[in-house]
A.B. asks: 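One structure, as structure tokens, below. Some questions next.
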Amino acid sequence: MGILNQYTKLLASRESREVLGKKWANAWLLTIVLAVTFVSIAFSNGSMLYLSEKMNDPFTNWVNIDQEYRSERARDFFHYLENNEVKSHYKYDYVQYDHYMPLTFVGRNGEQPFLQVRFFEDFGGKIIEAVLSEDNIVDGICAPANVISANQSGLIITEEALGKLGYDLETPPAYVNWLSPSQGAEVLGVKVDTQGFANAPLPLLGVVKKLPGNMDVIGPGVLADKIDDFTNYPLNLNNESYQHSAHYFVPKSISDNSFEKVVKSVLPDTLLTNVYILNNTNLTSALGSWQEGRYLSIYFNGYHENSIPTEVYHSIANAVEQTFGPQKAWRLFDYVDAYKEKDQGNYISISFNSLDSIRSFERMANDKYNIKLEMSQVSAKENFNAVSVMANILSLVMILFSMACIILFIVNMLQSYFQKVKRNLGTFKAFGIKTGELIGVYILIIGAIVVGSIIVALIFAMLVQEILPIFNVLKDNTYNYLSLWSYKTIGSIIIMLVATILTVRIQMARLLRKTPGDLIYDRD
């Protein structure tokens, strides 16, 4: 038995060299084939992940319909879409009115860019989640979840639009100024331009890479109501209650003591002992910004706000601006709610969960309400769905083809090898080494070679995957072209190992059915 074990060890040692081939040619050839296979699988995975992200991206699954001057049929269509059974049938989760307004803002250095603004009635749901997704937010510039709500008067802006306002990502403002019609406000001490416009500060809620509909800015529908309320005009700074109050956003970089010192430095003696500064958390719900800080309100004990001259409040504002800068401590105005009746908005906005029913939805809108969806939008969404299905099929076919090629390679390698060594196999059998032991040795040899090749090929594929981002080779500057690890990769490795073991067993069992004499004397 000891001699047989020595023969077995010698067999494994010597035969493994033969199987590897000259200068490990067989092993390197197998490694190259596997490396190409794994890179192909990784590319397939990366493409499918990219398609899946795009397919499930609410930007893609979001349809907006121009209301054609807010017609009666558009109103009827909207009420029909609110039905839960209709939502379930066409696979969308919400429908809402949205507003579009091109607005003028005031930049850091006095620029007045004209920006495209979209206001969402439901400032939440999948579309806002997509806007505020981690990969879309720039440099973490985003307000906390408790600040972003449908009651906000704030805005989300693209990085490009922020640049138009003269800001960079190193010094983004806590608020941005909208150029608000405020005729007559100059008599209250407000800085008004020659056309009667003043700077109305609006909270900056976040900076993102892209927005739906290629907008520059988006905001909640309540802010559109305030801007569009020509009766009450909440954002009109020609408002005495605004000028008889002092509310400030003070960032963390400014201490309470230093802020209080500046405020008291401009107060008359009659007010100096009666001033107090309170933390006003009520302002957060409507005027909260992405930047951390406090919301401070200045009051005078024993005085009604209207009894304090507006000059006092403006003296405070000028002192704060001169000391801390116009983009540090911001004077805020407690914009009242809009009282006007909500209108239909410019668009009907729909967020689909699935694109399977997009074509039937388009036909229904056209046939039943004579409302036409832009066909390029519908076709693009359908094409995404079709490409995804085809890509999945092609991906599986490619993997199966690769597996078949590798199995054929192993079969041919074994057949070629066994033709050379079958005399040795006959000798081993003649010395008493059992067929099972011979099969086990060759499974061990071939299996070790295949496992080693798999490991080297996986390392190569992982290196390629990690190197691509270094050279900025990415889809949309975000998605890697390769994504190695998935059920396809694990499944391919398992199939490969099982196929290798079965191939060796079948080939060896077929050959070793012969007698030692037949093998030694090469008799078929």
Side-chain angles (χ1 to χ4, degrees), residues 54-103 114-131 150 210-225 227-230 338 340-389:
K54 291 297 183 182
M55 281 290 296
N56 296 314
D57 184 352
F59 285 14
T60 301
N61 291 10
W62 174 67
V63 172
N64 66 102
I65 303 169
D66 192 330
Q67 291 206 75
E68 298 178 356
Y69 307 104
R70 307 175 189 183
S71 63
E72 185 68 29
R73 68 176 182 275
R75 185 182 294 109
D76 294 340
F77 180 52
F78 181 83
H79 291 318
Y80 175 74
L81 295 180
E82 287 184 304
N83 186 289
N84 287 331
E85 291 183 4
V86 177
K87 289 181 181 179
S88 176
H89 179 74
Y90 291 108
K91 300 179 182 177
Y92 61 91
D93 56 5
Y94 76 80
V95 56
Q96 65 183 32
Y97 287 130
D98 291 338
H99 303 262
Y100 166 73
M101 296 183 193
L103 299 175
F114 203 54
L115 301 180
Q116 309 299 318
V117 187
R118 181 77 172 254
F119 295 96
F120 291 88
E121 284 296 336
D122 178 14
F123 203 59
K126 290 184 178 180
I127 190 68
I128 301 301
E129 287 177 9
V131 168
K210 61 179 181 178
L211 288 171
N214 294 319
M215 292 290 107
D216 297 312
V217 181
I218 64 169
V222 66
L223 181 55
D225 294 335
I227 291 173
D228 205 28
D229 185 357
F230 294 104
K340 78 181 188 72
E341 183 180 352
K342 292 183 182 297
D343 59 24
Q344 286 180 256
N346 307 95
Y347 291 93
I348 294 175
S349 180
I350 307 166
S351 179
F352 282 84
N353 295 316
S354 169
L355 301 179
D356 296 340
S357 303
I358 190 71
R359 178 61 68 177
S360 60
F361 179 85
E362 183 271 332
R363 285 196 298 268
M364 177 274 294
N366 183 46
D367 297 343
K368 195 169 183 177
Y369 292 96
N370 196 27
I371 290 177
K372 300 184 185 299
L373 275 68
E374 184 185 350
M375 287 308 299
S376 61
Q377 187 182 30
V378 174
S379 298
K381 295 177 192 304
E382 274 194 321
N383 290 339
F384 261 121
N385 211 8
V387 169
S388 176
V389 173

A.B. asks: Only one of His99, Gln96, Arg118 clears side chain to side chain contact (heavy atoms under 4.5 Å, CB included) with Tyr347; which?
C.D. replies: Arg118
A.B. asks: CG of Asp93 to CD1 of Ile350: how many Å apart, nearest 0.5 Å?
C.D. replies: 11.0 Å
A.B. asks: So, taking the atom named CD1 in Ile65 and the one named CG in Asn346, what distance separates them when rounded to the nearest 0.5 Å?
C.D. replies: 13.5 Å
A.B. asks: Hey, can you tell me if Phe361 and Phe352 have their rings parallel, tilted or perpendicular (30° and 60° cut-offs)?
C.D. replies: perpendicular
A.B. asks: Can you give me the closest heavy-atom contact between Gly213 and Trp62, atom names plus distance?
C.D. replies: N-CZ3, 3.6 Å
A.B. asks: Closest heavy-atom contact between Val131 and Pro212?
C.D. replies: CG2-CD, 3.7 Å
A.B. asks: Might you point out which heavy atoms bring Ile348 and Phe77 nearest each other, and give the distance in Å?
C.D. replies: CD1-CD2, 3.9 Å
A.B. asks: Rounded to the nearest 0.5 Å, what separates atom OH in Tyr94 from atom OG in Ser351?
C.D. replies: 4.5 Å
A.B. asks: Ignoring hydrogens, what is the shortest heavy-atom contact between Val95 and Lys87? Give both atom names and the distance.
C.D. replies: CG1-CE, 4.4 Å
A.B. asks: Is atom CG of Asn214 surrounded by more than 12 heavy atoms (other residues, nucleotides or ligands) closer than 6.0 Å?
C.D. replies: no
A.B. asks: Quick one: pull up CG in Leu211 and CD1 in Ile127 and give me the separation to the nearest 0.5 Å.
C.D. replies: 9.0 Å
A.B. asks: Drop me the distance from Met364's CE to Glu362's CD, to the nearest 0.5 angstrom.
C.D. replies: 10.0 Å
A.B. asks: Apply the test side chain to side chain contact (heavy atoms under 4.5 Å, CB included) to residues Leu223 and Phe123: give CA-CA distance (whole Å), side-chain angles for both, the deciding distance (0.1 Å), then the verdict.
C.D. replies: CA-CA 11 Å; Leu223 181 55; Phe123 203 59; over 6 Å; no
A.B. asks: If you look at every heavy atom in Phe119 and Gly221, which pair is closest and at what distance?
C.D. replies: CB-CA, 4.2 Å
A.B. asks: Answer yes when Glu129 and Lys126 have at least one side-chain N-carboxylate O distance shorter than 4.0 Å, and no when they do not.
C.D. replies: no
A.B. asks: If I take atom CG from residue Asn83 and atom NE2 from residue His89, how far apart are they, to the nearest 0.5 angstrom?
C.D. replies: 11.5 Å
A.B. asks: Identify the two heavy atoms, one from Ser349 and one from Phe120, that lie closest to each other, and give their separation to 0.1 Å.
C.D. replies: OG-CE2, 4.4 Å
